[in-house]
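Since this is a predicted model, take the numbers as computed values, not measurements. Note that these values count all heavy atoms, side chains included, but never hydrogens, waters or copies made by symmetry. The first residue of the sequence shown is numbered 1, and numbering continues consecutively from there.
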Amino acid sequence: MICSARRFFLGAASALTLALGAFPVTAAAQQSFDFAVWYSDRDYYAPMTTNWAKKVEEITEGRVKIKLHYSGSLVPAKDTVAAVRNGSVGGGTTSISFLAGIVRELSYMEPFFWISAEAKAGQEMMDKLTPPSRKLMEDKGMALMFGLPSSGLLTACRKDHVKAVGDWKGKKVRAAGRLQGMQLSAVGASPVAIDPGELYIALQNGTVDCTMFLANLALSGKIYEVAPNVTYWNDGANSSFYYLNLDQWKKVAPADQTKILEMSDKLAKEWAVEQITMQQQAAKDLEKAGANVFYPTRAQIDEHKKAMASVWPEIDKMVGATGKVFSDTITKN
């Protein structure tokens, strides 16, 4: 009787094992992030963003997927931070100007001329600033994947070029944030805040006379069609951050989190070099597209940089001691 019962138990156990083999009890959870990208898929930044998303899926063997939505089709740039924080969107990218009001220490990466167009400078700064930025972003409900330095700052105007400091006076100029607005006011311009997606029409209608932008964005957004007089400043403004909703990020396995962040940091370091050449090419392509591009001398660039430098002590006062690592890294370089 006992042997019969034992045989029945073993037979049942074997059947259960076979069943479980066909239908595993534990399967790796898959996390998918809808990711808002405000620029278009024809922008110079797009291949890098697409490559990053592809690598995320590859290194996690499909457990984590980033679904990119270009051209503000998911949410516009001005709404991306709020949407990611509240979880209605899994992730997104914006310039620092959209984040500085929430994570004030990041304000140092918004102004015009915050970083020179040198590969070494970009790599060293992001090495120092990414770790503290990640901690600050987490405190606000966002997981920073990587940050990109910037170069390729330009001014595009409807009627004439900005060459000397005095040329700013009386012009209505689109700025990406309050700090850039302070810089424009310092040289006599009237700053106007406009979402990137509305910029073309604003220039076309004369709502603004000029815009500050990066070369790649002016090219992909066809800004040269309505503001053909371009001054290419070369140096950087308004770093870009790529981030995910923190609660959703926490559902990703720790081992996959580590892989993703290591890959993202490596990619960002490579891109810090590549984006400089990319922006310079974008300026040339603007010329080919019909823009009248003026290339100022280093002395002329430094003249404008000095005229707008009053923004730095204002940021120091606004941010306080918690921004020391950013201040020391950026304003002392």
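- We find the CG-CG distance between Asp43 and Asn216 to be 4.5 Å, quoted to the nearest 0.5 Å.
- With sequence neighbours excluded, the residues forming a side-chain contact (heavy atoms from CB on, under 4.5 Å) with Ala227 are Ala156, Leu203, Ile223, listed by chain and number.
- By the 4.0 Å N-to-carboxylate-O rule, Lys128 lies too far from Glu124 to be salt-bridged with it.
- Between Asp195 and Arg174 no salt bridge is recorded (no basic side-chain N to carboxylate O distance below 4.0 Å).
- Grouping the Ile, Leu, Val, Met, Phe, Trp and Tyr side chains by contacts below 4.5 angstrom, directly or via other members, places Phe35 with Trp271.
- Within 6.0 Å of the CZ atom in Arg178, the count of heavy atoms belonging to other residues, nucleotides or ligands does not exceed 12.
- For Ala291 against Val230, the heavy-atom pair with the smallest separation is CB-CG2, 4.1 Å.
- When ring centroids are compared, Trp52 and Phe146 come within the 6.0 Å threshold.
- At a threshold of 4.0 Å, the pair Asp316-Lys324 does not count as salt-bridged, since none of the basic side-chain nitrogens sits closer than that to a carboxylate oxygen.
- Counting heavy atoms from C-beta outward, Gln279 and Leu214 have side chains that approach closer than 4.5 Å.
- Side-chain contact between Phe241 and Leu106 is present, with at least one heavy-atom pair separated by less than 4.5 Å.
- Inter-residue side-chain proximity for Trp312 and Trp114 is flagged as met; some heavy-atom pair is nearer than 4.5 Å.
- Rounded to the nearest 0.5 Å, atoms SG (Cys210) and CG (Asp160) are 6.5 Å apart.
- In this structure, OH in Tyr45 is found 4.5 Å from CE in Met278, a value given to the nearest 0.5 Å.
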Which is it for Thr49 and Tyr39 under the side chain to side chain donor-acceptor pair (under 3.5 Å) test, yes or no, and what are the steps along the way? CA-CA 11 Å; Thr49 308; Tyr39 50 81; 2.5 Å; yes
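- Judged by distance alone, with hydrogens and angles left aside, the side-chain atoms of Ser88 form no donor-acceptor pair with the main-chain N or O of Val84 at under 3.5 Å.
- Val325 and Tyr108 fall within a single hydrophobic cluster, where Ile, Leu, Val, Met, Phe, Trp and Tyr are joined by side-chain heavy atoms under 4.5 Å apart, directly or via other members.
- Among residues two or more places apart in sequence or in another chain, the salt bridge (charged side-chain N to carboxylate O under 4.0 Å, His left out) test is passed with Lys65 by Glu57.
- Criterion: ILVMFWY side-chain heavy atoms under 4.5 Å apart, direct or through other members. Under it, Met212 and Phe294 are not part of a common hydrophobic cluster.
- Between Arg63 and Glu61 there is a salt bridge, since a side-chain N of the basic residue sits under 4.0 Å from a carboxylate O of the acidic one.
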What's the verdict on side chain to side chain contact (heavy atoms under 4.5 Å, CB included) for Asp139 and Lys135, showing C-alpha distance, side-chain angles and the deciding distance? CA-CA 6 Å; Asp139 292 342; Lys135 177 62 173 65; 3.1 Å; yes
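- With contacts defined as side-chain heavy-atom distances shorter than 4.5 Å, the pair Leu199/Phe213 qualifies.
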Side chain to side chain donor-acceptor pair (under 3.5 Å) between Gln275 and Ser151, intermediate numbers included: CA-CA 7 Å; Gln275 59 94 26; Ser151 65; 3.1 Å; yes
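- Here Lys306 does not pair with Asp302 in a salt bridge; the nearest charged N to carboxylate O distance is not below 4.0 Å.
- Within the model, atoms OG of Ser97 and CD of Gln180 stand 6.0 Å from one another, a figure rounded to the nearest 0.5 Å.
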Side chain to side chain donor-acceptor pair (under 3.5 Å) evaluation trace for Gln281 with Asp285: CA-CA 6 Å; Gln281 182 60 49; Asp285 288 343; 3.0 Å; yes
Check step by step if side chain to side chain contact (heavy atoms under 4.5 Å, CB included) holds for His161 and Thr155. CA-CA 8 Å; His161 284 92; Thr155 306; over 6 Å; no
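- Of all the heavy atoms in Ser240 and Thr93, the pair that sits closest is CB-OG1, 4.5 Å.
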Could you walk me through whether Thr207 and Lys172 pass the side chain to side chain contact (heavy atoms under 4.5 Å, CB included) check? CA-CA 8 Å; Thr207 304; Lys172 294 176 293 183; over 6 Å; no
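- You'll find the side chain of Val319 stays beyond 4.5 Å of the side chain of Phe326, heavy atoms only.
- No side-chain donor-acceptor contact under 3.5 Å links Glu138 to the backbone of Leu246.
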Going through the checks in order, is the salt bridge (charged side-chain N to carboxylate O under 4.0 Å, His left out) test met by Asp265 and Arg134? CA-CA 12 Å; Asp265 285 343; Arg134 279 204 174 112; 2.8 Å; yes
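- When all heavy atoms of Phe113 and Ile301 are compared, the closest pair comes out as CE2-CG2, 3.9 Å.
- Residues Glu58 and Lys55 are not paired through a salt bridge, judged by the lack of any N-O separation under 4.0 Å between the basic side chain and the carboxylate.
- Side-chain atoms of Ser133 come within 3.5 Å of backbone N or O of Leu129 as a donor-acceptor pair.
- No donor-acceptor pair under 3.5 Å is formed between the side chain of Arg85 and the backbone N or O of Gly141.
- Between the side chain of Asp167 and the backbone N or O of Ala164, at least one donor-acceptor pair lies under 3.5 Å.
- Hydrophobic clustering (side-chain heavy atoms under 4.5 Å, transitive across Ile, Leu, Val, Met, Phe, Trp, Tyr) keeps Val192 apart from Ile201.
- Remark: side-chain polar atoms of Ser107 are paired, donor with acceptor, to backbone N or O of Arg104 under 3.5 angstrom.
- Relative to the ring axis of Phe98, Lys78 does not place its NZ or CZ within 45° and under 6.0 Å from the centre.
- Inter-residue side-chain proximity for Pro296 and Trp233 is flagged as met; some heavy-atom pair is nearer than 4.5 Å.
- Using modelled atom types, one side-chain atom of His304 and one backbone atom of Gln300 make a donor-acceptor pair closer than 3.5 Å.
- Between the side chain of Glu110 and the main chain of Ala237, no donor-acceptor pair closer than 3.5 Å is present.
- Here the straight-line distance linking atom CD1 of Ile66 with atom OG of Ser32 works out to 7.5 Å at 0.5 Å rounding.
- The backbone N or O of Phe112 sits nowhere less than 3.5 Å from a side-chain atom of Asp235 that would complete a donor-acceptor pair.
- Atom NZ of Lys222 is separated from atom CG of Leu217 by 15.0 Å, given to the nearest 0.5 angstrom.
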Derivation of the side chain to side chain donor-acceptor pair (under 3.5 Å) call for Glu287 and Tyr295: CA-CA 11 Å; Glu287 286 189 89; Tyr295 295 89; 2.9 Å; yes
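- There is no path of hydrophobic side-chain contacts, each under 4.5 Å, that joins Ile276 to Tyr232.
- Thr331 contributes no side-chain N or O that, together with a main-chain N or O of Asp328, makes up a donor-acceptor pair within less than 3.5 Å.
- Summarising the geometry of Ala283 relative to Ala215, their closest heavy-atom pair is N-CB, 4.2 Å, with the distance given to 0.1 Å.
- Residues Val252 and Phe33 have side chains in contact (heavy-atom distance under 4.5 Å, counting atoms from C-beta outward).
- Ala189 approaches Pro191 most closely through the heavy-atom pair O-CD, 3.5 Å.
- Two residues are said to be in side-chain contact when any heavy atoms from C-beta on lie closer than 4.5 Å; Ile260 and Ile59 meet this criterion.
- Residue Ala218 comes nearest to Leu154 through the heavy atom pair CB-CD2, 4.1 Å, listed as atom of the first residue, atom of the second, then distance.
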